[in-house]
Amino acid sequence: MDLLNAFVALSNFVLIPAIAYGSQLALGALGVTLIYGILRFSNFAHGDTMAFGTMVTILFTWLFQSWGISLGPLPTALLALPFGILGCMALLLFTDRVVYKFYREQKAKPVILVIVSLGVMFIMNGLVRFIIGPDDQRFADGERFIVSVRTFKEMTGLEEGLAIKTTQGITVITAVIVVAALFWFLNRTRTGKSMRAYSDNEDLALLSGINPERVVMITWMIVAALATVAGVLYGLDKSFKPFTYFQLLLPIFASAIVGGLGSPLGAIAGGFTIAFSEVMVTYAWKKVAGYALPESLAPDGLAQLLSTDYKFAVSFVILLIVLLFRPTGLFAGKSV
Amino acid sequence: MNETVKNTALFALVAVLIIGTGFLQSWNSALFILNFGLISAIMALGVNLQWGFAGLFNVGIMGFVALGGLATVLVSMPPTTDAWAAGGGGVIVALLMGAATIVVTALVIKRMPAGWLRTVIVLALLIGGFFVYRWLFDPAVARIEAVNPASTGYLGGINPGGAAWGWMTLVAWPVGGLLAAGVAWIIGKTALGLRSDYLAIATLGIAEIIIAVMKNEDWLSRGVKNVIGLPRPAPYEIELQSDPAFLERAASLGMDPVTASTIWVKLVYAGLFAVVLVILFVLAQRALHSPWGRMMRAIRDNENASEAMGKDVTARHLQVFILGSAICGIAGAMMTTLDGQLTPGTYQPLRFTFLIWVMVIVGGSGNNLGAVLGGFLIWFLWVQVEPMGLLLMQAITSGMTDGSPLKVHLIESAAHMRLLTMGLVLLLVLRFSPRGLIPER
Amino acid sequence: MSGNPYTDGRGNKDASIANPKGGGTMSAHPGTGAAMNTRNAFLIGDSMTGGYGNGPDILHDCTVAVDAGEIAVIVGPNGAGKSTAMKAVFGMLDVRQGSVRLDGEDITDLSPQDRVAKGMGFVPQTSNIFTSMTVEENLEMGAFIRRDDFRDTMAQVYDLFPILKEKRRQAAGELSGGQRQQVAVGRALMTRPKVLMLDEPTAGVSPIVMDELFDRIIEVARTGIPILMVEQNARQALEIADKGYVLVQGGNAFTGTGKELLADPEVRKSFLGG
């Protein structure tokens, strides 16, 4: 029974949060890796793109809430999500048109594009703060739990409770759907294949008659969708604050690099690697250990390896370890 | 237009902007802009060394600046004797133990043949070392932090004279540089040696870690409880205001003593900072035109050719990375000195990393003069965009009824114009003058 | 420092932020402004003079052509401008004088992509396949501009190169050198080109594989597609050639049928090693 309790506690505090967080990171990293593969630079504005898409979604959520529209037990934000994606697409396509396109035509070096993306990052960051302000916004509504601690305890009679938040369930389901759709698109459709071809060999793609501007446009649209979904899921699960989204840049980059830059599969693996490491290293294991170990061995302290504030350090150390032993990332990014 | 004339005109513009602030707003804010402008110029010099000379993409400037700030605390604050007695030795033993673990592990990795045995030993060393370290470290830290937590609760610095020995703060500046250089050496050794092309993400991560350490390790610098009231090299306003000689001079200039004292203090700082800037600028300029600087740029322009000619590219990159980071550390120490306090919570990458990048790019990467100009100009904008944005918003909303939600929102949001403007400036310069205002020659 | 400030990456090699592969290198340089018409052929690069960018001229009044149902081969010593002539015909070079005509139509002003649409197939010397994609996907991408059903074309390509059918689910980058060249040629054939241009198809493969590749090329030609190719192995290439062009320093030194050139004592002495 104790082992079962230990497992429930582990699921409650480590596995479920890590799976949700990992899905969010994976979606973010997919966006970064797509831009790296197709547009060939790291987009420092990605965190702020996520923030922008989420902000639009929040504004629509508020609008719907004021109209009295809701999804019942599900958060209204899901209804607003398509509008958020459209808003984000519009912004990215506009940015590409007035900013990035010029540098593509100049055949600018990728690092110049990175610096350009710094400028875009400032502008988007300013824009989001300007419109919605720098403060925390909570926009999750509907049922809070799929399974609450109390129902779980009543159902199983276990000492330890297990809670699954609605947002965690939604995160995982949405992420699975989005990722499946993305892979179907990239591997099965003509347009998706042309994107992979362009990422693989730009000159040959041109010779094959693939229109680069179209590939770039579709890439931005997909990235907008991925970024908004990732941002909204993160915001529902935790809360929305522009600065937090900017800070997500580090774990997202780490996920993309750990998985192998340019490899979509790697981005997902990287996202989960980083999320699990972060949660496991910063979790206080006292409870789990208390159940799992015999009394004499149970730890006195919290048995927390590192305080939560060091979660950046975790992404970073994982990154270092992977680069030391497998410099191309877990899934040797084909376009690196 | 002649180059010298153009450059002089650009710097004259900066001078006019700052002096104009003095006339239009107040001399206090003009000197505030000048002082931080001097510091920003120094940071920009450091980044220019890395990016302009060598093409190293460092996005962890914030970390080095923060290390400079930490050095100021460690050097200029008086030691907390009780805390040292309670746990100083324990912490030092624990840190040495941690360092020893890493050294031994590195030796094992280097000496032993690869294989499962090595992996097991390395893992055992690291995990065992970590637990022993925590076992030694945690109680010592708890004892230190228990010592008068409201005002100290940390080990303090090494300044035996306390506030009376304000000159110790000046010592902290080079120490800040050294501290930053040391950390840069570790990062450079790992990132440049491991795989030369992961420097950006490595620096981004390290900067966050440095800030996390400073926020959480209360025994070191009180974490988010901040260290306030740092000793300072300049006289205190209060003392000046009670100094008859000073009062007399202020009266002869027709100024009231309070304003006169604040301005005098700021002028003292400006003088100190200017001296540092001039020294570093001359050094950077000489480095640029020395054989070393030429080699740096040769490596930058064609790494393969330079490598083929027998240049040790990684070693050169490591050098320039350490030097540039050290300059940022010095600037960070100066900034904390000027603030008179260390507040780890205020270090944000947008302000301390990416803004410096804007300065370098706008000023002109590869040109020291350009970096200095960019430092002043962008800092001026950073400070002044907020009041200008407010004016703009008031102008826009003047037609609206008072208290309408849109008006309130727009005026409240004016404060966020800053980031927007910085991005716009960066994009405009990149587009229409990609080499910056004063291009590399 | 380079002339274009936007391409000055300050030597940055940071792969975590900037994809080291960078953008494409291919740029279109159509049009010459000085048309020439000296003779007729199915595909002809007529009296071309030009070089890269503002650099010195590499081609000097150079003419290469191929007629229907023929194999034409461009040979010559290293640095003679063989590949350059090929790129000029394909519109990837700053040509200051001359014309390119396909089937009587002047295509000098078309970009390389438009020339593909007009019916030219081009196989570059290097990076001529999508390494991360399967063989079949490579062929599909070759047919990208076709909106009709291309399954029979793919079947024809598989008939020509049976090994590709066997490996069609494998990533092209995992294949051997000779197989990769077959993928490259197959990809170019997918548009059903009116003419095929090959830039050193046998570069870097073993002699046995080279012989096999030549056999395949002859088979392709037998299906009725004229082939213009650049070859390093002059003797073998001229043996299968209907027409041969010997270029020296960017100009035509000798022109004739393959047999004539092989028999010419001058050509033998200078280029074929006696």
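Given the structure is predicted, the values throughout are model-derived calculations rather than measurements. Reminder, nothing fancy here: chain letters follow the sequence lines and each chain counts from 1.
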Do C:Arg180 and C:Asn128 get their side chains close enough for a donor-acceptor pair, meaning under 3.5 Å? no

For the candidates A:Ile115, A:Ile257, A:Leu207, which exhibits the highest count of non-hydrogen atom pairs separated by less than 4.5 Å from chain C? A:Leu207

Closer than 4.0 angstrom, basic N to acidic O: yes or no for C:Lys167 and C:Glu174? no

Whether the A:Arg214 and A:Ser194 side chains hold a donor-acceptor pair (N or O, under 3.5 Å, no angle test) is what I'd like checked. no

Can you tell me if C:Glu231 and C:Thr202 form a side-chain donor-acceptor pair at under 3.5 Å? yes

Cut-off 4.5 Å, heavy atoms of chain C, and the answer for A:Leu204 is both

Name the region of C:Arg187, side chain, backbone, both or neither, that has any atom closer than 4.5 Å to a heavy atom of chain A. side chain

Between A:Phe44 and chain C, with a heavy-atom cut-off of 4.5 Å, which part of the residue counts as in contact: side chain, backbone, both or neither? side chain

For the aromatic rings, using the six-membered ring if either is Trp, is the centroid distance between A:Phe41 and A:Tyr100 under 6.0 Å? yes

What closest approach, in Å, do A:Ile38 and A:Ser199 show between heavy atoms, and which atom pair accounts for it? CD1-CB, 3.8 Å

Among C:Arg115, C:Gln113, C:Met120, which residue forms the greatest number of heavy-atom pairs with chain A at distances under 4.5 Å? C:Gln113

Shorter than 4.5 Å, heavy atoms on both sides: which option in A:Ser117, A:Ala256, A:Gly209, A:Ser208 has the most such pairs with chain C? A:Ser208

Quick check for you: among A:Lys107, A:Arg190, A:Arg104, A:Arg196, which has the greatest number of heavy-atom pairs under 4.5 Å with chain C? A:Arg190

Heavy-atom distances under 4.5 Å only: say whether A:Ile112 touches chain C with side chain, backbone, both or neither. side chain

